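Here the structure is a predicted model, which means the values were calculated and not measured.
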Amino acid sequence: LNHDSYDCFWRCVRPGKPDVGAAHCDFQFWEIAKGTSQEAPIPFDYDERWKIWVPLMGCDSTNSLQVVPGSHAEDVPTNRILTKNGYKPVIDPSWLERKEKLFTCPLANFTDYCVLFHDKLVHRGPPNNTKNLRLSGELTILLKL
């Protein structure tokens, strides 16, 4: 992401493959990157970040975005671990265990809708146990209040 670019990211999840990450809040990645070479060079001030998730292909209620409603308003306990690709956030396993039954897919119609959510909302993409490739788009909105 450069100061003069607008980027859209897409996610491809193959059937039966481990192409998904753990539950997280996007803001955790932004916080870890702050002050490092990984920090996105944003050429303007902003107050909040929001995410738009767009189902493109092969998405359904069993294999797509899952969220913990209301988690954006909680103080989610998070640590960071060093991986071969740098630091990554990890939500406390006991918090996730307590919230497991709350994870839900926010869409019923994957043809006509997308999902807008705060970057502090806990979310995940479950494994793709269908026979189809799953594609989705992701955009981050930077909001000045």
Side-chain angles (χ1 to χ4, degrees), residues 1-34 38-81 83 85-145:
L1 184 64
N2 295 311
H3 71 281
D4 60 350
S5 69
Y6 296 95
D7 295 322
C8 296
F9 297 92
W10 58 276
R11 184 172 307 275
C12 176
V13 182
R14 301 169 293 168
K17 301 290 184 183
D19 295 335
V20 296
H24 64 281
C25 305
D26 289 350
F27 97 95
Q28 297 165 335
F29 289 94
W30 288 78
E31 289 301 309
I32 286 174
K34 235 185 231 181
Q38 301 299 312
E39 184 173 15
I42 308 299
F44 53 86
D45 290 332
Y46 64 92
D47 298 308
E48 290 188 5
R49 288 180 300 266
W50 290 75
K51 182 70 143 271
I52 298 177
W53 179 82
V54 183
L56 298 173
M57 182 178 102
C59 298
D60 66 35
S61 61
T62 66
N63 79 340
S64 296
L65 177 71
Q66 296 177 346
V67 303
V68 176
S71 58
H72 66 289
E74 292 187 39
D75 186 18
V76 178
T78 306
N79 295 307
R80 64 182 193 164
I81 59 168
T83 71
N85 298 316
Y87 283 101
K88 299 266 177 160
V90 176
I91 295 176
D92 182 89
S94 63
W95 187 92
L96 285 172
E97 186 178 319
R98 287 192 311 277
K99 302 293 184 172
E100 179 60 34
K101 291 182 181 179
L102 299 178
F103 275 98
T104 186
C105 181
L107 285 181
N109 181 335
F110 290 84
T111 304
D112 300 324
Y113 294 92
C114 61
V115 180
L116 172 68
F117 59 94
H118 195 278
D119 82 334
K120 288 188 175 183
L121 186 75
V122 175
H123 61 283
R124 67 183 179 195
N128 183 4
N129 294 322
T130 71
K131 294 182 179 182
N132 302 313
L133 186 67
R134 180 178 90 211
L135 291 174
S136 59
E138 300 176 5
L139 303 101
T140 299
I141 298 172
L142 305 176
L143 178 65
K144 181 70 175 165
L145 300 176

Considering only heavy atoms from C-beta outward, does the side chain of [X] approach that of [Y] to under 4.5 Å?
{"X": "D119", "Y": "K51", "result": "no"}
{"X": "F27", "Y": "R49", "result": "yes"}
{"X": "L107", "Y": "L65", "result": "no"}
{"X": "F103", "Y": "L96", "result": "yes"}
{"X": "P15", "Y": "K131", "result": "no"}
{"X": "W95", "Y": "S71", "result": "yes"}
{"X": "F110", "Y": "S136", "result": "no"}
{"X": "Q38", "Y": "Y87", "result": "no"}

Is it true that atom [atom1] of [X] has more than 12 heavy atoms of other residues, nucleotides or ligands lying nearer than 6.0 Å?
{"X": "Y113", "atom1": "OH", "answer": "no"}
{"X": "D75", "atom1": "CG", "answer": "no"}
{"X": "R11", "atom1": "CZ", "answer": "no"}
{"X": "K144", "atom1": "NZ", "answer": "yes"}
{"X": "D45", "atom1": "CG", "answer": "no"}

| message | Applying side-chain contact (heavy atoms from CB on, under 4.5 Å) to L143 and L145, what does each step give before you reach the verdict? | response | CA-CA 6 Å; L143 178 65; L145 300 176; 3.7 Å; yes
[atom1]/[X] to [atom2]/[Y] distance, rounded to the nearest 0.5 angstrom?
{"X": "K99", "Y": "I91", "atom1": "NZ", "atom2": "CD1", "answer": "11.0 Å"}
{"X": "C59", "Y": "L133", "atom1": "SG", "atom2": "CG", "answer": "9.5 Å"}
{"X": "F29", "Y": "T140", "atom1": "CZ", "atom2": "OG1", "answer": "12.0 Å"}
{"X": "E74", "Y": "L121", "atom1": "CD", "atom2": "CG", "answer": "10.0 Å"}
{"X": "Q28", "Y": "N79", "atom1": "CD", "atom2": "CG", "answer": "10.0 Å"}
{"X": "K88", "Y": "T78", "atom1": "NZ", "atom2": "OG1", "answer": "15.0 Å"}

[X] to [Y] - nearest heavy-atom pair and separation:
{"X": "A33", "Y": "E39", "value": "O-CB, 3.3 Å"}
{"X": "T104", "Y": "P69", "value": "CG2-CG, 3.8 Å"}
{"X": "C114", "Y": "P55", "value": "CA-CD, 4.1 Å"}

| query | Between the side chains of N132 and T130, does any donor sit under 3.5 Å from an acceptor? | reply |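 N132 vs T130: no donor-acceptor pair found between side chains.
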| Does a donor on one side chain sit under 3.5 Å from an acceptor on the other, for N85 and T83? |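 Absent: no donor and acceptor within the cut-off.
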Main chain of [Y], side chain of [X]: is a donor-acceptor contact present, judged purely on distance under 3.5 Å?
{"X": "D92", "Y": "P77", "answer": "no"}
{"X": "T62", "Y": "D60", "answer": "no"}
{"X": "H123", "Y": "V68", "answer": "no"}

